[in-house]
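Some notes on the structure that comes next.
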Amino acid sequence: ASRFDVEKVRADFPILHQKINGQPLVYLDNGATTQKPQCVIDALVHFYSCDNSNVHRGAHTLSDRATEKFEAARQRVADFIGSPSARQVIWTRGTTESINLVAASWGRSQLQAGDRILVSQLEHHSNIVPWQLIAAEKGAQVEPIPLTSAGQVDLAAFAQMLDARVKMVSVAQVSNALGTINPVQEMITLAHQVGAKVMLDGAQAISHGLTQVQALGCDFYAFSGHKLFGPTGIGVLWGKAELLEAMPPWMGGGEMIESVSFAGTTFNQIPFKFEAGTPNIADAIGLAAAIEYLQSLDSEALQAHEQDLLAYAQARAAECAGMRVIGTAAEKVSVLSFTLEGVNPADLGMLLDQQGIAVRTGSHCAQPVMEFLGLAEGTVRASFSFYNTREEIDRLFAAIEKAREFLL
Ligand code: PMP
């Protein structure tokens, strides 16, 4: 019951139209990665067929063309996330590399012994481990921010933790394991009051219309192209210009230098200072095609459709015997993370796959939140995107009943 023409958008995604184990595919693993519309696939083929060349060399027409498209892609990302300039958009391989870049460059130059880094209890491992590595090197501490029972950062507990030794707060805008949205706006305000910087892990937020970096007021923002209907191997680190300018380079090589001499090397300006070596040109252009595609859709209707899917799935879950939804906050993206009484999540995932339904099971690369929730075997996560339908959710619940008969 929405204005969103889901059948029309489904036609744009070739992968959705196939059978898996004899059943039409129901793809509900969008939290792990999203599918690619034909225009993204076409952009990659076109680049390699017609424009392939190295960038920023300026020696010939193809190189100029590749450079122009590569830099236009950066500008499209900047506009999409509300960045005041394209030079604050640094290409990386993805969220993981973006966080590692900040931990290594900002962290190595700014952190001292006794400093505190706060991350939440619900973080993906990629927003825990890079901080642990730099903290060990610097004699700093990484401390978890507690959660509420609804699966969000506990703001009151967070406020209590803040003091002048907290130098970095790095937190997911949206939990990958639960789909809950953290109160990041309030967290940023509180963290800035004690002089801490705030990095947002936007891996799960980016596809749900939640990313406006300047309005949010964060200091750094990370996301992956493959979770935004773009290719794998391309992602973004966004940062405040003054912070990026003051940070030392992370990797050294071509592109990132101004001049190289054995008497001393000087470095290029941002963003190039952080882009050593030949960049992932084709996939940056592919990501821009994905954003262009998204911008061609009615974003309000799209959001309403996703929220309708969530509400429908939650209503079905409430009627499903033994099902417990994990992450009950009202502020949530279209993710249903659940357990089923007496059923191992991995077993259920396998039986769903046999019926053509793709979900994720286990700890979702977020072991500390599973420990916090006392869920040793993790959950089953059905994560929806705008190309999913109510009928697919019906298929999920029918398949769960079949699996239950088999298992119990
Ligand atoms: N953070 C969160 C919240 C995620 O969901 C993911 C991907 N599952 C990552 C970080 C890591 O992203 P990538 O593997 O694309 O670097």
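Counting starts at 1 for both ligands and their atoms, in listed order.
The pair R404-E341 does not meet the salt-bridge criterion, since no charged nitrogen lies less than 4.0 angstrom from a carboxylate oxygen. Under 4.0 Å is where a charged nitrogen must lie from a carboxylate oxygen, and between R74 and E71 at least one such pair does. Look at R360 and D29 and you find no salt bridge, because none of the NZ, NE, NH1 or NH2 atoms lies under 4.0 Å from a carboxylate O. Note on K138 versus D115: no salt bridge recorded, every NZ/NE/NH1/NH2 to OD/OE distance being 4.0 Å or above.
Heavy-atom separations between S126 and ligand 1 include at least one value shorter than 4.0 Å. The closest approach between a heavy atom of E123 and any atom of ligand 1 is not below 4.0 Å.
If you check which protein heavy atom lies closest to atom 14 (O) of ligand 1, you get T96 OG1, 3.7 Å. The nearest protein atom to atom 8 (N) of ligand 1, hydrogens excluded, is given as K227 NZ, 2.7 Å; this is a heavy-atom distance.
Close approach of ligand 1 to N176 is summarised as follows: ligand atoms under 4.0 Å from at least one heavy atom of the residue are 3 (C), 5 (O). Those atoms of ligand 1 with a heavy atom of S224 less than 4.0 angstrom away are 12 (O), 13 (P), 15 (O), 16 (O). Every atom of ligand 1 with a heavy atom of Q204 under 4.0 Å away is listed here by number and element: 3 (C), 4 (C), 5 (O).
Residue-level proximity to ligand 1 for H226 is carried by the side chain, the only part with a heavy atom below 4.0 angstrom. Within the 4.0 Å heavy-atom criterion, neither part of A172 lies near ligand 1. Heavy atoms of D201 found under 4.0 angstrom from ligand 1 belong exclusively to the side chain.
Between F386 and F13, the ring planes lie perpendicular to each other; the angle is over 60°, past the 30° to 60° tilted range.
Across E331, Q204, Q173, a single residue satisfies side chain to side chain contact (heavy atoms under 4.5 Å, CB included) together with L210, and that is Q173.
Sequence neighbours left out, the pairs with a member in residues 212-241 that pass salt bridge (charged side-chain N to carboxylate O under 4.0 Å, His left out) are D219-K240.
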